[in-house]
Amino acid sequence: MKKYIFTAGILSSLLTLLIFSSCSDILDVNAYSKITNEGIEDSDKGADMWVMGAYNGLSRMYVYDEFPRSIELDNDYVTGPSWAFGELGAGNFQGATNQSDAVWKLSYDLINRTNEAIYHIEKMGNVTEAARNNCLGELYFLQAYGYFLLVRAYGEVPIFEMSINQGNDPNQPRQPIPVVYAHIIDLLKNAKEMIYKNTSSSYKEGRVSAGAAASLLAKVYATIASAAMPSGTVYVKGGVPFSMNGSVKVFTQPQTLTIEKQQVAGYETFDYLAYYTLARDIAKDIVVSKLYGDHELIPYSILWKKAGRTSKEHFFALQTKSGDDYYGALFSRAYVGQIVNGYVPNGGGLSHGLRDHWYKLFENQDLRITEGVMHRFVRQSDISWNGGGYYPNTDEWKLKARGLDPANNKVADPVAPFNDGRDYRSGTGEQYLAYTTKYTDVTDRSLTRTDAMMPLLRYADVVLIYAEASNEVDGLNNDALNALNAVRTRSNATPRWFGSSEDGGIESKEAFRSAVLEERAMEFALESDRRWDLIRWGIYLGVMNGIGTVDEINTIKMREAKHLLYPIPQDEMLTNQAITENNPGWK
Amino acid sequence: MSKTLNFNQKCSGYLERCTCINFLKKITVMVLVFLGSFTFIQARGISGTELINNQTIPITGKVTDVNNEPMIGVTVIVKNTNTGTVTDMNGNFSLNVTSSDDVISISYLGYKTEEFPVNNSRTFSITLQEDEKLLEEVVVIGYGSMKKRDLSGSVAQVKADEILSGNPAASINQALQGRVAGAMVNQNDGAPGAGISMQIRGTNSFSSNSQPLYIVDGIPFEVPTTPRSAENTDGSLEASANALSFINPHDIASIEVLKDASATAIYGSRGANGVVLITTKSGEKGKPRIEFTSNVSSSTIRKQVPVLDGYHYALYRNEQQDNALLYDSSPFTQYVYPSPGTWRFDTSNGEVLSAKYNPSPEDFLSPGWREGIDENGGTWKQWVEGTNWQDQIFQTGYSQEYNMLISSATDRGNYTFSGNYTSQDGIIKGTGFERYTLRSNTSQNISKNITVGLNLSYTNSTTDFAKGNSLDYSILRSALLYPSTIYYGDFSQSDELLWLSANPRTYVISTKNELSSVNIFASAFASIRLNDNLVFRQNLGLSNFENQRSTYSNRDTGEGAIDKVNGKGGLSDNRQSHTVTESMLTYNRIFGKIHNLNAVAAVTYEHRVNSAESMTATQFPTDLTENYDMGLALVPGSLVSSKFESKLFSMLGRVNYVLNDKYIFTASFRRDGSSKFSSENRYANFASGALAWRLSEEAFIKNLNLFDNLKLRLSYGQTGNQAIPDYQTMYTMRVANYPLGGSEHSGFVSDHAFNTSLKWETTDQYNAGIDFGFYNNRLGFVIDYYYKKTNDLLQNVKTPQSTGYISQIINSGYVTNEGLELTANLVPVQNKLFNWRIDANLSFNRNRIGGLLADQFSSRLWYKADNVFIQRNGLPIGAIYGYVEDGFYDNEAEVRADPTYASANANVVKSMIGEIKYKEGLHVIGDTNPDYIFGVTNNFEWNKFNFGFFVQGVMGNDIFNGNLMNVTLFNTTNIPVAVYDYRWTPETKDIAKWPKATNQAKRTWLISDRYVEDGSYIRLKNINIGYTFDNPKFLKGIRSINLNASAGNLFTLTDYSWYDPDVNAFGNDPARRGVDVYSYPTSKTFSFGLKVQF
């Protein structure tokens, strides 16, 4: 018996001894499929990976269609069926699916990614100086882009100097608008000097260049300036969209509305002229002096083609990958439709378009409608009757598409592309809008997710900012006019000129600013820009309510003061202890 | 940070080349080899001594019970030797003893053991007395077993045979529903093989797992999560499988539920949610026991949710249009269902290409062909008939089960072999569960002092899920929402309604969502009796799980729509390997007759490795090969794989001391280390203590002659919870690439808001209990009161979205649970002919949150259902938060009276008529915790008949009926009849419960008390009747045949409006209990069973 006890004693002490002496960290585990922050190498390549992770925040914005929906649907010229526009597009910002929340959530996601990346890159010791500057500059730019979206949408917003993973308090209060702008301007001032110009051999297409940072800064200055301007007049084309002739809708011509601008709340302390001067100067450095790289207005023929996707015009754009579940673009389906076997299948999109009034802003020969608008489209529902749709619903196009004169007599054969034996129809319903062609040049249009590119900032924008700022600071002048006309003539539009308004000329500073604003609406249609122009100019309510209650296809355009700012998401209100009140009018 | 990564750190000294991971495995093997050789020597020694004894005295005898019936299989052994036998069919035995001084010992389970000296007798006639003292029953407790009378903690024991007889259940936890006071068992839904959640004494925590720890034959049984179907990329809900379905319920001998901390503290870091000990059958001495059981059953839907038929649906759609014109200023064009019906002809160049009949509502009252003549005189025909889609997806499911068990034991050891085949068809077409299990439990006494054994089980199961528990595409959603005006044979409109759902019939026929699982669970032990008091035992448990979920949605479904997706396939696998080693010393001794000491000390180590991978693909050239060849797909989806590991190292000890058979003291201690925490917070200690006083042994109680048993129990202990995901204390990254010019560039982003200071969640539990037994224990009560406080809650707290993170796991706040449990058993009638036994239990639990810095919310239920469950100090876990409704705006004046609309546009005001009025602000609108739960079992035996029924109930809980969130009254979806009858119209405004119908999607639905329903129910869970033939004359060689018939879920009393109140879509998530969202309905079953013993 003693033998057993002895043996057991030896056994247990052996066990104990081995367990406790040999392996002090018996509980350490392998992270296997998890990458830890230390796994990212301290090198130019490692720094780049952090930056790519931040850029990925842009992919996240667009992956589930939350963008551009959340920043595009609420303006005067866009429209679509009620299932798509019944919420945010109808002014219901706190609707069932909280479509506006994406701006908050995903902008802050982007900001947090940049903060994490900045923190880690700053700790790295083996990164070459140029690469390090470029990486940090890009991160500053992306962060500024996020805050710029936020401050325009929500007004006062929290600022995160660092991520909560670096010990920051998760409950951050809202900061006054000037404080937010000071942060944005600070970031961009650094970024424009740190990021590679697109002329540098180290610059890579698809990433932002110094020109983008400088241009965003110009746009920020112009935004502050126009919002801070205490009063002024803006002319906008719009008004009541249709009249009823019995049960037939008759579309109207856009009327010129004269709108007295409001100063945007929170911008009172800015000297608007000083900011327009800043905007003009930096825009001039980019456009005239070419201090920030090689940028130009590229020909319209390649502007929306894959060949045109370079930093010359598109210096900041969402990069996508054809067919990819995550990196493939979903927005293109709503805007230009998926095309399978020559038609748009049910559920295949082609739903979001521009209103008839927008189409009527253009001259007939303007490439932005001759090429830029889809005149022929076939949907699956047209297949059974061998039909198709055409736009616009005018006598001119009726003749082209159907060979019919205004009295519906057959006078000719349909012309290409309508001469394929299909029976083309048009109408006043939600199936017949001005659909853009901007996003059609993709690798495979039959896919749900394409490699369409979403422009986030392009050279034409800073050219028009230059025109706008120059006019505000110096009054009517040729530099401004030339800038405006550079954008117009690129698309085959007639140049504007100074002269009496009765002859069609521009006779005042107000008329010029309105012309620039209108040009922006035409040029940047469905590039998520229009709402923010209306807001920064303080004319949003005037323009929207000028339409009346609804547009041609019953999308509600009526708005109230509460619509000037988005509601802060309920989630934030419930979780952030430092924010107690939502924007006016929102729960 | 780097410290947590040095898994490959070399051990010092002579073991230099081994990694720490391999190290303990080696130790265990060493120990086993050592014991093996030791044993061998011992065994040889014993056989040597036996040879010397050649002198024998034959004796014979007969054993009968008090009724003079012969007793079969009674063990007769010669005391202190290895010689023994069992009685035969007639109760006779014969045996050789070596000397007249020998003593024979006669024992039989449930009877008092008798001993007789041989002396000069050569024949014996023995009558065994039943052991009246039920208290002598042995219960299994952690790391040992104990006489029930010596228990100081709160432990409930359930004999598997008792709850399974006449109550076929595919898993043991399912059968436990309503059987144990303090244990709340919920099915996730009614699908065959569906998940079951069990909560013991309330919810301790809101984000970590609140399931009890399951221990099978001493080894923790942890099941990996069901792999998600690969197409489920957004992490939404889906059907999961029941962990314990891997164990054949017929293999189970008993289940012990450890409830108070005195019992659970020995499981330290994982004991906080209670512990369920499952002991599988081992052979019993006697003739080999051969048992065959079989069961066939049919199940049908318990209740349909009536939705509008074709006629009413058409009327409803037309009313939507009328109201849109009347209230929403929407121009009127044409009725969806014009009266009379109209033909639409599509012509091109004078030729009619196609025709379509728009039926009138009345057309659905008389289904049949409708004829139309086009402008060219051509005749067209179309069949018009409405469809009840629920009829199309539901079926009568047939199930069968076969089970074979062979077991026996001798002095040298015992064995059990069993096999089980179960096949269940669900009540939704295409769903079902199929399982094969094999088990072998063997142990061998290779010497007087050494026993080795191995329990091995293999399970292989296949579950066919219906897509349910989901607010997007799912079969039930489709069956409830799909327009009833579409003829089920007509597929022409399927495509147009794809946004809504696939045709339900197509769905059940064409989608595949299959889970196949394999589990191998082995536990081996060697125990060595070091001396009369001391036993050393080494356990080694190895288990492996393999799961594969295989999904395919073909071209007819929404997910795999033709032209757009062209078939979507997915394959996802996961696996878990789990290694447990335990070295344990047990000391047992009685000193001076009054001191009874039992002590145990052990060291345990566990290592778990999980890995998973999944793939998806779309654009298949054909649906024929489904997802069997993923390579055929033109567009591969993302590839996902992962691997995790975690470790747990513990030391533990327990002392149980009984003084004078009256005073019982228990103390236990465990020190646990877990790899889930950072090195500073890895270890924690858990201790417990308990006192019990057996008053019934005191003279002053004995003299009352009232109590057969009276025991007071008091206990306190600490337990922990570490059930958080792995690596939460590490700064981990996930891939976040970015495509530049169409090609992806590597990128990373921080994957969560991490927390290095995480530590254990600790529960302090106090328990006071009293056990009574009266009238020869024919009436018994067990009453327990407990109070638990769980501190440092590990919780996944929602962070403000502005942080860029969704949530962070932190230790904060506390939860208290306070409750009362009553268990009663009563034998009202007990005689030779008739027996009646009642077992009842009732439990109350009160749960409260405290110590939170601010209100918190559980994760979203699904898209559009955020912040449904609030976590606020003073409220229970499971409080529902939302708006309170205040009737409807019946007219313009009422709308204007609301300040929101006082100055609104006239059109807006008009459109608000018939809409819901919400009261200002958010309120607590429900609580999913029941006030009490209960179960009552009645069993009757009369002659050879047995009859029993079991009633179970849950009272006072709310259910969040998420199904209603798709009842929006503004689109093409069908609605329940109950909604239609109470929709708002000027005529029904006084009784209206739902707003007006309209086709304008302007209405905003808020989370309100509308979705909160009373989930109380009382259910006749099972009723059964059986008859037993003992030693039937008509079949030789059969010991007994039992025939039984039973019905399940025959009758339910509830106000809940949907399929079934026993629903819990979020399974194990304690923060989101009591949610119903297109959950698989519970069925009503009828079964017939057979049990033959040879």
Side-chain angles (χ1 to χ4, degrees), chain A residues 1 4-5 8 15 22-23 25-38 40 49 52-53 55-56 82 86 95-97 104-105 108-109 112-113 116 158 164-165 170 204-206 319-321 323 325 327 340 345-347 384-386 423 448 451 549 569 571-572 574-577, chain B residues 1 4 6-7 9 11-12 15 20 23 346 348 353-354 495-496 498-499 530-531 536 563-564 583 635 637-638 642-643 645-647 649 673 675 682 727 730-733 736-742 745-750 753-754 798-804 854 864 867 907 1001 1004-1005:
Chain A
M1 197 59 66
Y4 302 146
I5 296 170
L15 265 173
S22 313
C23 299
D25 269 325
I26 193 174
L27 292 172
D28 279 347
V29 287
N30 188 348
Y32 291 117
S33 51
K34 291 279 182 189
I35 308 141
T36 63
N37 54 332
E38 277 120 5
I40 296 174
M49 291 200 282
M52 286 299 123
Y55 272 107
N56 177 275
S82 63
T97 57
W104 183 279
K105 182 173 79 180
Y108 274 113
D109 174 58
N112 180 59
R113 288 163 188 251
E116 291 263 18
I164 58 167
N165 270 354
K204 284 199 187 64
E205 281 297 348
Q319 302 290 301
T320 51
K321 187 179 169 192
D325 271 354
Y327 302 106
V340 181
N346 291 332
S384 68
W385 54 281
N386 195 31
D423 186 7
T448 313
D451 54 357
T549 319
D571 258 353
E572 185 78 17
L574 291 169
T575 50
N576 188 340
Q577 304 310 308
Chain B
M1 290 318 313
T4 51
N6 55 357
F7 65 101
Q9 185 198 29
C11 303
S12 59
L15 280 165
C20 297
F23 180 59
D346 286 321
S348 177
L353 295 170
S354 66
D495 211 31
E496 288 165 35
L498 267 185
W499 67 270
L530 300 169
N531 60 32
F536 175 77
D563 287 344
K564 284 187 287 183
S583 310
V635 181
S638 52
S642 60
K643 187 169 177 178
E645 72 170 347
S646 67
K647 295 173 184 172
F649 173 72
S675 65
R682 258 178 194 169
Y727 311 133
M730 285 163 80
Y731 203 141
T732 55
M733 315 294 297
N737 298 339
Y738 193 62
L740 297 176
H745 287 241
S746 283
F748 292 103
V749 68
S750 159
F754 69 99
K798 249 185 165 173
T799 47
Q801 289 180 340
S802 53
T803 61
K864 290 199 256 186
N867 307 323
N907 282 344
T1004 302
W1005 288 95

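Residue numbers begin at 1 in each chain, while the letters A, B, ... track the order of the sequences.
Proximity of a side-chain donor or acceptor of A/Gln319 to a complementary backbone N or O of B/Leu740 within less than 3.5 Å is not detected. Judged purely by atom type and a 3.5 angstrom limit, A/Tyr327 uses its side chain to pair as donor or acceptor with the backbone of B/Asn737.
Across all non-hydrogen atoms, the minimal contact from A/Gly323 to B/Val635 is O-CG1, 3.9 Å. Across all non-hydrogen atoms, the minimal contact from A/Met52 to B/Gly747 is CB-CA, 3.6 Å. When every heavy atom of B/Thr799 is checked against every heavy atom of A/Ile164, the shortest pair comes out as CG2-CD1, 4.3 Å. The two residues A/Pro170 and B/Pro800 make their nearest non-hydrogen contact at O-CG, 3.3 Å.
The CG atom of A/Asn56 sits 13.5 Å away from atom NE2 of B/His745, with the distance rounded to the nearest 0.5 Å. Atom OG1 of A/Thr575 and atom CD of B/Gln801 lie 7.0 Å apart (nearest 0.5 Å).
Neither the backbone nor the side chain of A/Asp451 comes within less than 4.5 Å of any heavy atom in chain B. In this structure, the portion of A/Gln577 lying under 4.5 Å from any heavy atom of chain B is its side chain and not its backbone. In this structure, chain B has no heavy atom under 4.5 Å from any part of A/Ser82.
Taking B/Ser802, B/Gly741, B/Pro739 one by one and counting their heavy-atom pairs under 4.5 Å with chain A, the maximum is reached by B/Ser802.
You'll find the side chain of A/Asn112 stays beyond 4.5 Å of the side chain of B/Thr803, heavy atoms only. By the 4.5 Å heavy-atom criterion applied to side chains, A/Glu116 and B/Val749 are not counted as neighbours.
Listed by chain and residue number, A/Ile40, B/Ser746, B/Phe748 satisfy the side chain to side chain contact (heavy atoms under 4.5 Å, CB included) test with A/Met49 (two or more places apart in sequence, or in another chain). Partners of A/Asp109 under the side chain to side chain contact (heavy atoms under 4.5 Å, CB included) rule, at least two apart in sequence or in another chain, are A/Arg60, A/Arg113.
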